[in-house]
Amino acid sequence: ASMLLRDGGATLLVTAGAYSLVRAFDALTERRLVQQSLSRKVVHVLSGVFFMASWPLFSNSTSARFFAAVVPFLNCVRLLTYGLGFYSDEALVKSVTREGKREELLRGPLYYVIVLLIIVLVFWRDSPIGIVSLSMMSGGDGFADIVGRRFGSLKLPFNKKKSWVGSAAMFISGFLLSALMLSYFSWLGYIHVSWDQALGKLVLVALAATVVECIPVTDVVDDNISVPLATMLVAFLLFGNTAN
C-alpha cells in the first residue's frame, strides 16, 4: 500500500509539474517575452529532462513504470483532444507548435510524448538505452534547433534547412546530457556504468543521432520519431541492456 501511495503521489506531482512547465511557457509566449520558436524548443528540452529526472520519485515496485507512464499518456490525450479540435487551447498551440496551427499538435508534439511513453514502458530507469535515447531526443534535438536558428548561417551542403552549428550543438548537447543522465541514474544505483567504455559508445550514439537529424527526410519522417529510433537501435547494439 505504501508503494501504491508513493507511486500515485509521484504521478500527481510529475503531472502537475509537466502541466505547469507548459503553462509557464504558454504565458511567456502570449506576453511576447519569449519567441514562439524558442518556447517550443525549450519546452521540448525541459519536459523530457524533467520527466526523466523524476523517475527516482517512483517506488521499486513492478507497477512503478506504469504509474510514470500515466504522465505522457495524459499528455497524449490532451494533444489529441486539442489537436482534433474537440476543445481549443490557443496558448498551448502557440507554445508547442511551429506555425500556430492546432493540427500540428498531432505531429511533432504527439510523436514526442508517444516516444516518452514507449521509453518508460519498454526501458524504464534501469536501462541505458531509454536514458540515452530520451537525452538525445530532448536535449540534442532541442539544442540543435535553438543554436541553429541563432547562429546557423552556414548551411549543410545536402540540407539547406540544417546548419553546421546546429548539428555540432546537437552532437555536443546530446552527448553531455546523455553522460549527465547516465551518471545520475548510476549514482542513484539503478544502472552500473563503466565510464572507460561508456564515453566512447556515447560519442558513437550522439554521432548517429546527429547524422539522422541532419538527413533531409523531415517531410517523410518527423525528427521526434527518426532520432529516438536511430538512437535506440545504436544504443542497443553498443550497450545491450547494461551501461558497460
Side-chain angles (χ1 to χ4, degrees), residues 4 7-27 29 36 39-58 62-125 127 129-142 145 181 213 218 220-232:
L4 276 176
D7 289 336
T11 303
L12 287 172
L13 187 69
V14 179
T15 305
Y19 184 76
S20 308
L21 174 75
V22 175
R23 275 281 163 250
F25 278 93
D26 289 351
T29 315
Q36 187 171 336
S39 161
R40 190 172 62 87
K41 280 300 172 180
V42 173
V43 168
H44 178 104
V45 174
L46 293 181
S47 50
V49 174
F50 282 160
F51 179 54
M52 193 166 25
S54 76
W55 292 351
L57 296 173
F58 295 87
T62 46
S63 61
R65 68 175 71 198
F66 297 103
F67 277 93
V70 168
V71 182
F73 175 74
L74 289 174
N75 256 322
C76 269
V77 172
R78 187 163 161 239
L79 290 168
L80 284 167
T81 305
Y82 294 119
L84 292 168
F86 295 124
Y87 296 98
S88 68
D89 185 341
E90 282 307 310
L92 172 72
V93 172
K94 271 190 185 152
S95 71
V96 301
T97 64
R98 190 164 292 191
E99 290 159 18
K101 296 176 185 156
R102 69 168 171 79
E103 295 82 13
E104 287 180 84
L105 295 176
L106 303 174
R107 295 200 291 275
L110 183 63
Y111 303 149
Y112 183 87
V113 289
I114 289 172
V115 169
L116 289 188
L117 192 58
I118 292 166
I119 284 174
V120 171
L121 293 173
V122 177
F123 300 110
W124 195 215
R125 61 194 173 198
S127 160
I129 302 169
I131 297 164
V132 171
S133 304
L134 187 43
S135 300
M136 287 293 166
M137 179 177 79
S138 51
D141 194 25
D145 194 87
M181 289 324 261
E213 200 264 347
T218 333
V220 187
V221 189
D222 192 276
D223 285 349
N224 288 336
I225 298 175
S226 59
V227 172
L229 281 181
T231 313
M232 280 177 212

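The figures that follow rest on heavy atoms only: side chains count, while hydrogens, waters and symmetry mates do not.
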Side-chain contact, heavy-atom cut-off 4.5 Å: [X] with [Y]?
X: I119; Y: M52; value: no
X: T81; Y: V77; value: yes
X: V120; Y: F66; value: no
X: L80; Y: L106; value: yes

Checklist entry - Do R78 and Y82 get their side chains close enough for a donor-acceptor pair, meaning under 3.5 Å? => result no
Look only at the side chain of [X] and the backbone of [Y], and say whether a donor-acceptor pair between them is shorter than 3.5 Å.
X: R125; Y: W55; result: yes
X: S54; Y: V14; result: no
X: Y112; Y: R107; result: no
X: D7; Y: F58; result: no
X: H44; Y: M137; result: yes

Give, for atom [atom1] of [X] and atom [atom2] of [Y], the distance between the pair rounded to the nearest 0.5 Å.
X: L46; Y: K41; atom1: CG; atom2: NZ; result: 12.5 Å
X: S47; Y: F25; atom1: OG; atom2: CZ; result: 10.0 Å
X: L134; Y: M232; atom1: CG; atom2: CE; result: 8.5 Å
X: S138; Y: L116; atom1: OG; atom2: CG; result: 8.0 Å
X: N75; Y: L105; atom1: CG; atom2: CG; result: 11.0 Å
X: R102; Y: F86; atom1: CZ; atom2: CZ; result: 9.5 Å

To check you understand the geometry: which heavy-atom pair defines the closest contact between [X] and [Y], and what is its length?
X: P72; Y: A68; value: CD-O, 3.3 Å
X: M181; Y: S135; value: CG-OG, 3.7 Å
X: T15; Y: L74; value: CG2-CD1, 3.8 Å
X: S39; Y: T29; value: OG-OG1, 3.1 Å
X: L117; Y: A69; value: CD1-O, 3.3 Å
X: V71; Y: A18; value: CG1-CB, 4.3 Å

Item to check | Step-by-step side chain to side chain contact (heavy atoms under 4.5 Å, CB included) determination, V113 to F73 | outcome: CA-CA 8 Å; V113 289; F73 175 74; over 6 Å; no
Next on the checklist: With side chain to side chain contact (heavy atoms under 4.5 Å, CB included) as the criterion, how do D141 and N224 come out once you've worked through the C-alpha distance, each side chain's angles and the decisive distance to 0.1 Å?
Outcome noted: CA-CA 8 Å; D141 194 25; N224 288 336; 3.6 Å; yes
